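The shown structure was predicted, so the numbers you read here are calculated from the model rather than taken from an experiment.
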Amino acid sequence: MEIKLLYITVKNNIEAKYIATESINCGLAICGNIFDEVESIYKWNNEIKCNKESVLILKYASSNTDKLIQKIKSIHSYDIPCILVLPLEGGNKDFIEWAKCIV
């Protein structure tokens, strides 16, 4: 089993906690990390926008990718949420083995 990361931007810390909790409760994610109040600059409807957001990173089994993305899209407040899959190329083997036991 392969562990991956999902990078997600959300409107605030409350939404990040909600998405993380729902994803873990339904068995699609192992754990989540929240980076509160980052500044995002992006183009939307031909205008440059600058907003405060939070970033949620979920660790999960790669076999859950499609289900997890669909779950997040169904509960996310954005019309087109940023959800990006990040593969792991290594890391603490003890942690990775622990994560594999959770799923």
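- By the criterion of side-chain heavy atoms lying less than 4.5 angstrom apart, applied directly or through intervening Ile, Leu, Val, Met, Phe, Trp or Tyr residues, Ile24 is not grouped with Ile34; the two fall into different hydrophobic clusters.
- Other residues, nucleotides and ligands contribute over 12 non-hydrogen atoms within 6.0 Å of the CG atom of Asn25.
- In this structure the side chain of Leu86 never reaches within 4.5 angstrom of the side chain of Ile57, judged on heavy atoms.
- By the 6.0 Å contact criterion, CD1 on Ile14 is open, its count of non-hydrogen atoms from other residues, nucleotides or ligands being 12 or less.
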Steps toward side-chain contact (heavy atoms from CB on, under 4.5 Å) verdict (Asn33, Val55): CA-CA 8 Å; Asn33 303 109; Val55 171; over 6 Å; no
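- The pair Lys49-Glu47 meets the salt-bridge criterion, since a charged nitrogen lies less than 4.0 angstrom from a carboxylate oxygen.
- For Lys4, the NZ atom sits in a packed shell: over 12 heavy atoms of surrounding residues, nucleotides or ligands are nearer than 6.0 Å.
- Follow the hydrophobic side-chain contacts under 4.5 Å out from Leu84 and you never reach Tyr42; the two are in separate clusters.
- At a threshold of 4.5 Å between non-hydrogen side-chain atoms, the residues Tyr60 and Leu5 do not count as touching.
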CA sep, side-chain torsions, deciding dist, call: Val10, Tyr18, side-chain contact (heavy atoms from CB on, under 4.5 Å): CA-CA 10 Å; Val10 295; Tyr18 174 69; over 6 Å; no
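- Counting only distance, with no hydrogens or angles, the side chain of Ser54 and the backbone of Asp36 share no donor-acceptor pair below 3.5 Å.
- Counting only heavy atoms from C-beta outward, the side chains of Gln70 and Asp66 never approach each other to under 4.5 Å.
- Under the 3.5 Å distance criterion, the side-chain polar atoms of Ser74 are matched with a main-chain donor or acceptor of Lys71.
- Without hydrogens or angle criteria, Asn12 side chain to Glu15 main chain gives a donor-acceptor distance under 3.5 Å.
- Counting only N and O atoms by type, the side chains of Thr9 and Tyr78 include no donor and acceptor under 3.5 Å apart.
- At a cut-off of 3.5 Å, with distance as the only test, no side-chain donor of Asn51 or Lys11 sits close to an acceptor on the other residue.
- Two residues are said to be in side-chain contact when any heavy atoms from C-beta on lie closer than 4.5 Å; Ser62 and Ile3 fail this criterion.
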